Protein chains: 2
Amino acid sequence: MEDYLETIATLKKEIGVARVKDIGRLLNVKNPSVNAALNVLSDLGLVFHERYGYVDLTDKGEELAQNIKKRHDIMVRFLTTILKIDPKTAEEDACRMEHAMSDETFEKFTKFMEFVETCPKKERPIWLQNFDFYIKTGKRQNCTKREDK
Amino acid sequence: MEDYLETIATLKKEIGVARVKDIGRLLNVKNPSVNAALNVLSDLGLVFHERYGYVDLTDKGEELAQNIKKRHDIMVRFLTTILKIDPKTAEEDACRMEHAMSDETFEKFTKFMEFVETCPKKERPIWLQNFDFYIKTGKRQNCTKREDK
DNA sequence: TTTATTAGTTAGATGAAACTAACATATACT
DNA sequence: AGTATATGTTAGTTTCATCTAACTAATAAA
């Protein structure tokens, strides 16, 4: 159900409206599956859908959808920028992992990416460059003593 | 199914044998569900199970189970040591996230934790201590220039 | 304005994974 | 050995998300 909400939000943002057909296309399910899902979401007060009309999100649904999109986004960013996972795989993994995260974990992941992305030194923090090196060579650089705290 | 394999491996390790009852207890399902799962896993050549006997893993099943346990373990370690998620939540999240990770992501997570845990400087790398500080205060320490690479 | 095409809906089927209730076996106790 | 209790199994049901096929409504074209 989270996937449906997320897709509806995406479609509204991308092409202005959410149609049954497009929701199904993006989620790789057929129209009747979309319909069934919309009935459930409608009962839950998350979407507004009248017969043969476009699909819309209620305030509550919009809020939930945005939350899920944020989870998705943070996982993609983490996987691509920290772990250097290729974008396609990162996207797929994020799609699955986004549903498995507790609120607490989501918050912390967000903080973590904030911490990395606002690094004042240079674009990519030193320690991450060291990690890149470790991935590439299996060895550490900068292993001599240093006194910075 | 991955959960069943993982649980069987855990039981064998912890108490020596895997019984239907104990598998069910750990996974919060009833005996008949365990039985049905064992039939499937048996057909897939992942477990060995004869009527009224203990459950055992085939070599293939053992390998898969260990792989899943490694995913679980790496996620718990990441969540607790990097993000400082409380152990209970970390455990729950790991249980769900472990199934959502691609091989590639698993490998990189593993490298990442290796990189962090073998830090030669002190127990906890400086940058992680900086992250801890950022979490606690919302501010960065060490924001002045420094020349170490 | 009639008809063709496209999109949406409904009804009914399937498969997966769980359940309960009833039955079977094994083990441990007397 | 005989029986009670635990555990394991089978049969049959439920729920859920998907599907296909058939039908309906909206739209665009002739």
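Chain letters run A, B, ... following the sequence lines, proteins first, then strands; residues in each count from 1. No experiment lies behind these values; they were computed from the predicted model shown.
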Given atom [atom1] of [X] and atom [atom2] of [N], what is their separation to the nearest angstrom?
X       : N      : atom1 : atom2 : result
A/His99 : D/dA17 : NE2   : P     : 13 Å
B/Ile23 : C/dA18 : CD1   : C1'   : 16 Å
A/Asn28 : D/dT18 : CG    : C1'   : 13 Å
B/Arg25 : D/dA6  : CZ    : C1'   : 14 Å
A/Met1  : D/dT18 : CE    : C1'   : 11 Å
A/Arg19 : D/dA26 : CZ    : C1'   : 13 Å
B/Asp3  : C/dA17 : CG    : P     : 11 Å
B/Ile15 : D/dT7  : CD1   : C1'   : 14 Å

### Task
Please identify each residue that fulfils ring pair (Phe, Tyr, Trp, His ring centres under 6.0 Å) with B/Phe131, with sequence neighbours left out.
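Partners of B/Phe131 under the ring pair (Phe, Tyr, Trp, His ring centres under 6.0 Å) test: A/Phe112, A/Phe115.
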### Query
Could you give all pairs that pass the side chain to side chain donor-acceptor pair (under 3.5 Å) test and reach residues 47-66 of chain A, with sequence neighbours left out?
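Applying side chain to side chain donor-acceptor pair (under 3.5 Å) to every pair that reaches into residues 47-66 of chain A, excluding sequence neighbours, yields A/Lys12-A/Asp56, A/Glu62-A/Gln66.
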At a cut-off of 3.5 Å, list every protein nitrogen or oxygen paired with a nitrogen or oxygen from nucleotides 9-11 of chain C, distance to 0.1 Å.
unit_1: C/dT9; atom_1: OP1; unit_2: A/His49; atom_2: NE2; d: 3.2
unit_1: C/dT9; atom_1: OP1; unit_2: A/Tyr52; atom_2: N; d: 3.1
unit_1: C/dT9; atom_1: OP2; unit_2: A/Asn35; atom_2: OD1; d: 3.4
unit_1: C/dT9; atom_1: OP2; unit_2: A/Asn35; atom_2: ND2; d: 2.3
unit_1: C/dT9; atom_1: O5'; unit_2: A/Asn35; atom_2: ND2; d: 3.4
unit_1: C/dT9; atom_1: O3'; unit_2: A/Arg51; atom_2: NH1; d: 2.9
unit_1: C/dT10; atom_1: OP1; unit_2: A/Arg51; atom_2: NH1; d: 2.2

### Query
Counting just side-chain N and O atoms, does B/Ser33 come under 4.0 Å of either OP1 or OP2 of C/dC19?
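Indeed, a polar side-chain atom of B/Ser33 lies that close.
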### Message
Strictly below 4.0 Å: does B/Tyr54 bring a side-chain N or O up to OP1 or OP2 of C/dA26?
### Response
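The answer is no; no side-chain N or O of B/Tyr54 sits under 4.0 Å from OP1 or OP2.
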### Message
Quick check: closest heavy atoms across B/Arg124 and B/Asp132, and the distance to 0.1 Å?
### Response
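Shortest heavy-atom contact: NE-OD2, 2.7 Å.
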### Assigned partner base of D/dA6, Watson-Crick or wobble definition, under 3.5 Å
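Pairing partner: none.
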